[in-house]
Chemist: 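First, the structure itself, so that you have it in front of you.
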There are 2 protein chains.
Amino acid sequence: MQNEGEFLAGYDPAAYPSMAVTVDVVALTIRDGRLCVLLVERAEHPFAGRRALPGGFVREEALDVAAMRELEEETGVQLERVHLEQLKTYGNPGRDPRMRVFSVAYLAFAPSLPEPESGSDASGAYWVPVEEATGLAFDHDAILADGLDRARSKIEYTPLATAFAGDEFTISELRQIYAAVWGEELHAGNFHRKVLSVPGFVESTGETAARGGERGGPKPKLYRAGDARLLHPALLRPTREDDVR
Amino acid sequence: MQNEGEFLAGYDPAAYPSMAVTVDVVALTIRDGRLCVLLVERAEHPFAGRRALPGGFVREEALDVAAMRELEEETGVQLERVHLEQLKTYGNPGRDPRMRVFSVAYLAFAPSLPEPESGSDASGAYWVPVEEATGLAFDHDAILADGLDRARSKIEYTPLATAFAGDEFTISELRQIYAAVWGEELHAGNFHRKVLSVPGFVESTGETAARGGERGGPKPKLYRAGDARLLHPALLRPTREDDVR
DNA sequence: TAGGTTCTTCTCAGATCGAGTATTACTCAG
DNA sequence: CTGAGTAATACTCGATCTGAGAAGAACCTA
């Protein structure tokens, strides 16, 4: 882990506090049918030039306030419909070569957002498909993996997949969100039946989309998120024998 | 926007209030058919004389090592079969009147342990039925509530209920564990069918208990925990409409 | 020995599941 | 404008899972 020799050589631990608390955010969204995570390019040592999860030090504020602040700073967007929940805290000695750093990781589900402009002063943040988000700084690979696990199981029994969609969406769009997060296709007819049969998952707007799909098909009906907080019954992933043992 | 490196370079420890990181443990067990939590009586200010979750400062060690250490110090027992998992981190400013304290809470599932002797130098820890564990120090009431939520849902889709049992147990004992954690009775026949039908949940020892129940009934067969890490299908709680919305 | 208790296995109807089919409405290429 | 292909939605079917209850045998205490 401590491959930044020059940096560490000039670093005097005694001059600084021996520990710090940060937040790191695993912010997920769906772009072009792919599950993407928000990454930043690190300018400073350690891990200069490497990609990392957005994050920073916690100020005199609550933890979730710090997480939301970091997320808004990186995306440059006021986030209203974003879902944010605490994921896990990482504090192994040595995970940061400078000092003992405890990082409280958060998981965010965001509807598709504009790419942060690289020219703007906002930040050097950008969305990356999760399969391509490897080799991150610190232990952020592990944090991302934990976030993906959480996201994939959370949409099974909560309506949080709707947090990836706009205010109004079609059943088909919702199905594509599940497909993107789980990385596998779903049976359209069964998914349709299931979503409509779960009380409070979605509610009809009474409207239909302005036009059908790009390659044909009727105009789908529009729905918005319902008031359920849990899905009963749950929308389970196709059984994966491997994960069971 | 500044990243961690820039922040650290200009960081003056004297300009900021001191902070600390602690672990607190929600240790659960079943005693006499009741779900109990391990509490300690605080000797020092703040909250002197109040009950609290066992916990303490994190040393130069991993977080889960700190949690296990605290738990062993309080129970005075070497814990081998205990399940320990991270619960959530609490860091609201003001949750500790002395300074900013971030507490990483852990959740432990323990088989029934002997009551720590109050005469011993081990500690002033004791098991308390969860319904009676109110008015705790700091924000420990909220931490305990979160731990109970987690435990109640975790035994639905993982075999962790077996962590409350001994090495060998009967289906009936397992059912009483579920009943104690969920706070409701379960249909014995259906529970029996369900447990045996989930692959890897339990495996037969081939033995039967030395004697039947205290008030009659045949000698039940003995089982031990199987190798499953997830229950497929899950053992869902009777639907609670209230919790859904 | 009698009566009550518990373990374990069945039964049965209703809900849910995955897989497939059918119908209709739409888009696009030519 | 038309025909081919695609997608939204509804429906069918058999397999599986569910909760509720019943039954029989084993076992305890009185």
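Quick note on labels: first sequence line is chain A, next is B, and so on, each numbered from 1.
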Chemist: For C:dC17 and A:Lys194 - does any side-chain N or O of the residue sit under 4.0 Å from the phosphate oxygens OP1/OP2?
Modeler: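 Yes, A:Lys194 has a side-chain N/O under 4.0 Å of OP1/OP2 on C:dC17.
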Chemist: OP1 or OP2 of C:dT8 less than 4.0 angstrom from a side-chain nitrogen or oxygen of B:His192, does that happen here?
Modeler: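 For C:dT8, OP1/OP2 do have a side-chain N/O of B:His192 under 4.0 Å.
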Chemist: Once side chain to side chain donor-acceptor pair (under 3.5 Å) is applied, what residue pairs with a partner in residues 208-220 of chain A remain, sequence neighbours excluded?
Modeler: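 Listed by first then second residue: nothing to list.
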Chemist: Which pairs count as ring-ring contact (aromatic ring centres under 6.0 Å, His included) when at least one residue sits in residues 176-199 of chain A, sequence neighbours excluded?
Modeler: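 ring-ring contact (aromatic ring centres under 6.0 Å, His included) check on residues 176-199 of chain A returns A:Tyr178-A:Trp182, A:Tyr178-A:Phe191.
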Chemist: Strictly below 4.0 Å, heavy-atom distances to any atom of DNA chain D: list the hits from residues 157-175 of chain B, or just say none.
Modeler: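 None, since no heavy atom is under 4.0 Å.
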Chemist: Rounded to whole Å, how long is the line connecting atom OH of B:Tyr223 with atom P of C:dC7?
Modeler: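 It works out to 11 Å between those atoms.
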Chemist: To the nearest Å, how far apart are B:Asn190 CG and C:dA13 P?
Modeler: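 Whole-Å distance recorded here is 16 Å.
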Chemist: Would you indicate whether the side-chain heavy atoms of A:Leu174 and A:Thr170 approach each other to under 4.5 Å?
Modeler: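 Sidechains of A:Leu174 and A:Thr170: no contact.
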Chemist: Closer than 4.0 angstrom, basic N to acidic O: yes or no for A:Arg50 and A:Glu41?
Modeler: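 Looking at A:Glu41 together with A:Arg50, the answer is no, because their closest N to O distance does not fall below 4.0 Å.
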Chemist: Return the residues of residues 208-219 of chain B meeting this criterion: a heavy atom under 4.0 Å from some atom of DNA chain C. Order them by number, or give none.
Modeler: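 Residues of residues 208-219 of chain B that come under 4.0 Å of DNA chain C are, in numerical order, B:Arg215, B:Gly216, B:Gly217, B:Pro218.
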Chemist: Less than 4.5 Å apart, any side-chain heavy atom of B:Val202 and any of B:Val195?
Modeler: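 Touching, per the 4.5 Å side-chain cut-off.
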Chemist: Should A:Arg34 and A:Glu132 count as an ion pair when the cut-off is N to O under 4.0 Å?
Modeler: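 Salt bridge present between A:Arg34 and A:Glu132.
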Chemist: Does B:Ser153 reach the side chain of B:Arg237, with side-chain heavy atoms less than 4.5 Å apart?
Modeler: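 In contact.
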Chemist: C:dT8 P sits how many Å from B:Leu186 CG, rounded?
Modeler: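 Nearest whole value for this atom pair: 16 Å.
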Chemist: Quick one, A:Phe109 and A:Ile155 - any side-chain contact, counting heavy atoms below 4.5 Å?
Modeler: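 With C-beta onward as the side chain, the pair touches.
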Chemist: Can B:Glu207 and B:Lys221 be counted as an ion pair, charged N to O under 4.0 angstrom?
Modeler: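 B:Lys221 and B:Glu207: not salt-bridged.
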Chemist: Taking only residues two or more places apart in sequence or in another chain, which ones pass ring-ring contact (aromatic ring centres under 6.0 Å, His included) with A:Phe201?
Modeler: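 A:Phe201 satisfies ring-ring contact (aromatic ring centres under 6.0 Å, His included) with no other residue.
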Chemist: Expressed as a whole number of angstroms, how long is the span from A:Glu185:CD to C:dG20:P?
Modeler: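 Rounded to the whole Å, the gap is 15 Å.
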Chemist: I'd like to check B:Val26 versus B:Leu148 (side-chain heavy atoms, cut-off strictly below 4.5 Å). Are they in contact?
Modeler: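 No. Closest side-chain heavy atoms not under 4.5 Å.
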Chemist: Between A:Leu235 (CG) and C:dT16 (C1'), how many Å, whole number?
Modeler: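 These atoms are roughly 12 Å apart.
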Chemist: Going 5' to 3' along DNA chain D, which are the first and last nucleotides with any atom under 4.0 Å from a heavy atom of chain A?
Modeler: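 Contact span on the strand: D:dG5 to D:dT12.
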Chemist: Once you round it to whole Å, what is the distance between C1' of C:dG18 and CZ of A:Arg193?
Modeler: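 It is 8 Å, rounded to the nearest whole Å.
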